[in-house]
Amino acid sequence: MVIKVKPIASVLIPVILMFFILIYILIATQSVVLIQKGFEGNWKLSLTMSILIVLNLGLLVGFVKMMKEDLNY
Amino acid sequence: MKQVTNVKAMVFEQKVILGLSMPLIALLVYCSTRGLLYLGIYTASAPDRITQMIVLDGIHLFIVCPLLTVAALYSFQGIKFAHLMWGGTVSYLVYTFLIYFSSVGIHELFLIHCIILGLSVLSLAWFLLTTIRHMIVTTIPNHLLARLIGVYFIITAISFYLLWWMEIHPASTIQTTQVSPPSIDHLANPIQPIGLSIFSLAELSQA
């Protein structure tokens, strides 16, 4: 059994996941460096972003494994 | 005959990807290295902004450039997964450089940053065009993971939407300037309108 989806939607799933991984890396790093340099920063934000990075990476790897044949990976 | 034309078209598309990526990577490496080595470039900005820009340069140099290089090279070899990764990376570049321009004053690398943004927008347009032309994936297995990704997109989109709205709403009702980030004189934090108008909606539609 398969889920029928709009073709563009299925293609954009890994693109969006990849995009958010990079954005979360940027936000988490900026937040940590700002705290270290003595500016206003937020540890909770860094922690949340780190969790989201791991979650997104997991989903991306899972998606790629699931679509192995289509993506000739 | 038709198959030969298709192969020729695909080879051309892959060549364009490489042709767009190489100058983009070269300019990114130049700008990031310059930004990291000569800290005086961003003096027109607030101190916390300068720190953010240095971090941005570091991430561009050590994460984005290698990723873009690998994605472009494998995409040139016809690996579809690499093509999607290339699309994700150029989307990130478009987003960060749009915010970059609204956050940093004019400096000596301004023109090069404009070229980088232009190349990134062109790359994203090319990615969408080629993706629409040759759909890589049309069906997804009815797997728990596929549903999980949908739920995850809905949750993150709504969470970020609410988070930004909570910050914007008080400022919009009393008609004052928004105070995030507090140290600069911007009328609005550029991340929020872009996020609210494009990315939350994109995530929701994906889900």
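Hydrogens, waters and symmetry mates are skipped; everything else that's a heavy atom, side chains included, is used. To find a chain, count down the sequence lines: A is the first, B the second, and so on, and within it residues start at 1.
- The aromatic rings of Phe160(B) and Tyr24(A) sit parallel, their planes meeting at an angle under 30°, below the 60° perpendicular limit.
- Residues satisfying the side chain to side chain contact (heavy atoms under 4.5 Å, CB included) criterion with Leu27(B), sequence neighbours excluded, are Ile112(B), Ile115(B), Ile116(B), Leu119(B).
- With a 4.5 angstrom heavy-atom cutoff, Ile25(A) touches chain B via backbone and side-chain atoms both.
- Scanning residues 54-63 of chain B against chain A with a 4.5 Å heavy-atom cutoff picks out Val55(B), Leu56(B), Ile59(B), Ile63(B), ordered by number.
- With values rounded to the nearest 0.5 angstrom, Phe20(A) atom CZ is found 7.5 Å from Phe153(B) atom CZ.
- Between the CZ atom in Phe19(A) and the OG1 atom in Thr89(B) there is a gap of 11.0 Å [rounded to 0.5 Å].
- Between Thr96(B) atom OG1 and Leu22(A) atom CG the span is 9.0 Å, to the nearest 0.5 Å.
- The distance from atom CG of Leu55(A) to atom OH of Tyr152(B), rounded to the nearest 0.5 Å, is 5.0 Å.
- Shortest non-hydrogen contact noted between Gly62(A) and Leu145(B) is C-CD2, 3.1 Å.
- Looking at Val33(A) and Gln52(B), their side chains never come closer than 4.5 Å, going by heavy atoms from C-beta outward.
- Side-chain contact between Leu60(A) and Met85(B): present, with at least one pair of heavy atoms (C-beta onward) separated by less than 4.5 Å.
- Residues that satisfy the side-chain hydrogen bond (donor to acceptor under 3.5 Å, both in side chains) test with Ser21(B), not counting sequence neighbours, are Trp86(B).
- Rounding to the nearest 0.5 angstrom, the gap separating the CE atom in Met66(A) from the CD1 atom in Ile149(B) is 5.5 Å.
- Residue with the most contacts toward chain B among Leu26(A), Ile21(A), Asn56(A), Thr29(A): Leu26(A) (heavy-atom pairs, distance under 4.5 Å).
- Val15(A) is not listed as a side-chain neighbour of Tyr92(B), based on a closest heavy-atom distance of 4.5 Å or more.
- The interface of residues 43-54 of chain A with chain B, defined by heavy-atom distances below 4.5 Å, comprises Met49(A), Leu52(A).
- Using a 4.5 Å cut-off between heavy atoms, Phe127(B) touches chain A through its side chain atoms alone.
- For the atom pair Ile99(B) CD1 and Ile23(A) CD1, the distance stands at 6.0 Å (nearest 0.5 Å).
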